[in-house]
**Student:** 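One structure coming up, written as structure tokens, with questions to follow.
All of these numbers come straight from a predicted model, not from anything done at the bench. Labels below follow one simple rule: chain letters A, B, ... track the order of the sequence lines, proteins then strands, and each chain is numbered from 1.
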Protein chains: 2
Amino acid sequence: MTTPPRRATRQQAAVADMLGQHETFRSAQEWHALLRAAGDPVGLATVYRTLQSLAEAGEVDVLRTDAGETLYRACSAAHHHHLLCRECGFTVEVDGPAVEAWATAVASAHGFALPRHTVEVTGLCPRCAPATSPGVTTSPE
Amino acid sequence: MTTPPRRATRQQAAVADMLGQHETFRSAQEWHALLRAAGDPVGLATVYRTLQSLAEAGEVDVLRTDAGETLYRACSAAHHHHLLCRECGFTVEVDGPAVEAWATAVASAHGFALPRHTVEVTGLCPRCAPATSPGVTTSPE
DNA sequence: ACTCCACATGAGAATGATTCTCATTATTGG
DNA sequence: CCAATAATGAGAATCATTCTCATGTGGAGT
Ligand SMILES: [Zn+2]
Ligand SMILES: [Zn+2]
Ligand SMILES: [Zn+2]
Ligand SMILES: [Zn+2]
């Protein structure tokens, strides 16, 4: 139970700041590139380490793309799920009381203990969605 | 469109057979090991290739562990979700009409197009769950 | 303000799952 | 059976992430 001490460093602040300025999910490498571009460079290993501790502290949410990349985003502390744009990473936090109840019910109905769940919804956000003009697909999947 | 021709091979049959004999999610490497152990060896690259085509054909379901491994399992064709044991990989297929509706509603409420969703529930199956004796935690998290 | 030193950093090596390469083998139509 | 060509598999290559360890630094104590 000994929460290891943590020191305040310029690098950790830079990562936290950058996270706070975007509402999109980004990979560690992308955050690293953003920091470098912003003239506030942080070593890649440190970006990974910082994102991980923030994740453990519940200050960022983590998800994995189909391609296997891990994405991070500053999120509110309360339990919630995401509606994520597959094109640009723009994300909206959503809650789903019905889903929570369903997950718990399903688990206990089958005798599973310590249930946990993953729920993500993806799509194309209004900015990235193809124009509603019929037949004209701007960006085929 | 031109569906590329596909030849029947001993290796592909072996993989399909092995998949049919288990109701658990396993990684490509684990399926490979099982095949080798069963005296029906298949090259690792071929196991990967076969699992991928089966996945594209909708005959196996795919999911990624927190550790980043990709797991495969023979599944029914209809859309469904999983209740998965974190300990042994035992899996039950479940459906959730309420969840389907919720996902669609959430997406359109925010103007997201082409919605898609991921829903997985994990826990400890009856065989792997610690005895119900109060206070005695056999396997702390 | 100065020292000390445990923790933090970062460049580069290591890891490990997955994919790619390409020489060899095997399926299938004729 | 033969030829055409898809499939296989051993090993190399890829690539995100993690590890190593020499060096830097926050901050408590003085
Ligand atoms: Zn978008
Ligand atoms: Zn939830
Ligand atoms: Zn189990
Ligand atoms: Zn569904």
**Student:** Output yes when at least one side-chain N/O atom of A/Y48 is less than 4.0 Å from OP1 or OP2 of D/dT18, else no.
**Tutor:** no
**Student:** Check the phosphate of C/dA8 against A/T9, side-chain N and O only, distance under 4.0 Å to OP1 or OP2. Yes or no?
**Tutor:** no
**Student:** Measuring to OP1 and OP2 of D/dG9, would you say a side-chain N or O of B/Q11 lies under 4.0 angstrom away?
**Tutor:** yes
**Student:** OP1 or OP2 of D/dT18 sitting under 4.0 Å from any side-chain N/O of A/Q52?
**Tutor:** yes
**Student:** With sugar-phosphate meaning primed atoms plus P, OP1 and OP2, does A/Q29 contact a base, only sugar-phosphate, or nothing at under 4.0 Å between heavy atoms?
**Tutor:** base
**Student:** Salt-bridge test for B/D66 and A/R64: reply yes if a basic N is under 4.0 Å from a carboxylate O, no otherwise.
**Tutor:** no
**Student:** Do B/R26 and B/T24 meet the criterion of a side-chain donor-acceptor pair at a distance under 3.5 Å?
**Tutor:** yes
**Student:** Quick check: any donor-acceptor pair below 3.5 Å linking the side-chain of B/R49 to the base of D/dA7?
**Tutor:** no
**Student:** Ignoring the backbone of B/A45, work out which of C/dG12, C/dT9, D/dA10 is nearest its side chain.
**Tutor:** D/dA10
**Student:** Quickly work out the B/L63 CG to C/dA17 C1' distance and round it to whole Å.
**Tutor:** 16 Å
**Student:** Over all strands shown, is B/S27 touching base, sugar-phosphate only, or nothing at heavy-atom distances under 4.0 angstrom?
**Tutor:** nothing
**Student:** For B/L71 and C/dT18, what is the distance between atoms CG and P respectively, to the nearest whole Å?
**Tutor:** 9 Å
**Student:** Please report, rounded to the nearest Å, how far the C1' atom of C/dT19 is from the CG atom of A/D66.
**Tutor:** 17 Å
**Student:** Is there a donor-acceptor pair under 3.5 Å between the side chain of B/R86 and the backbone N or O of A/L114?
**Tutor:** yes
**Student:** Round to a whole Å and report the spacing from NE2 of A/H32 to P of D/dT18.
**Tutor:** 15 Å
**Student:** Checking contacts here: which listed nucleotide (D/dT17, C/dT28, D/dG26) is nearest the side-chain heavy atoms of A/R7?
**Tutor:** D/dG26
**Student:** Over how many whole Å does the gap from A/R6 atom CZ to D/dG27 atom C1' extend?
**Tutor:** 16 Å
**Student:** Out of the candidates A/E93, A/E120, A/E23, only one should pair with A/R73 under the salt bridge (Lys or Arg N to Asp or Glu O under 4.0 Å) rule; please name it.
**Tutor:** A/E93
**Student:** Would you classify A/E30 as touching base, sugar-phosphate or nothing, given that sugar-phosphate means primed atoms plus P, OP1 and OP2, and contacts are heavy atoms under 4.0 Å?
**Tutor:** nothing
**Student:** Please state how far atom CG in A/L35 lies from atom P in C/dG10, giving the value in whole angstrom units.
**Tutor:** 10 Å
**Student:** By nearest atom, which of the nucleotides C/dT19, C/dG10, D/dA16 is closest to the A/E69 side chain?
**Tutor:** D/dA16
**Student:** Using a cut-off of less than 4.0 Å, is there contact between a side-chain N or O of A/Q12 and OP1 or OP2 of C/dT9?
**Tutor:** yes
**Student:** What is the distance, rounded to the nearest whole Å, between atom CG of A/L44 and atom C1' of C/dA13?
**Tutor:** 14 Å
**Student:** Report yes if at least one side-chain N or O of B/T70 is closer than 4.0 Å to OP1 or OP2 of C/dT18; otherwise report no.
**Tutor:** yes
**Student:** Classify the ring geometry of B/F112 against A/F90: parallel below 30°, tilted from 30° to 60°, perpendicular beyond 60°.
**Tutor:** parallel
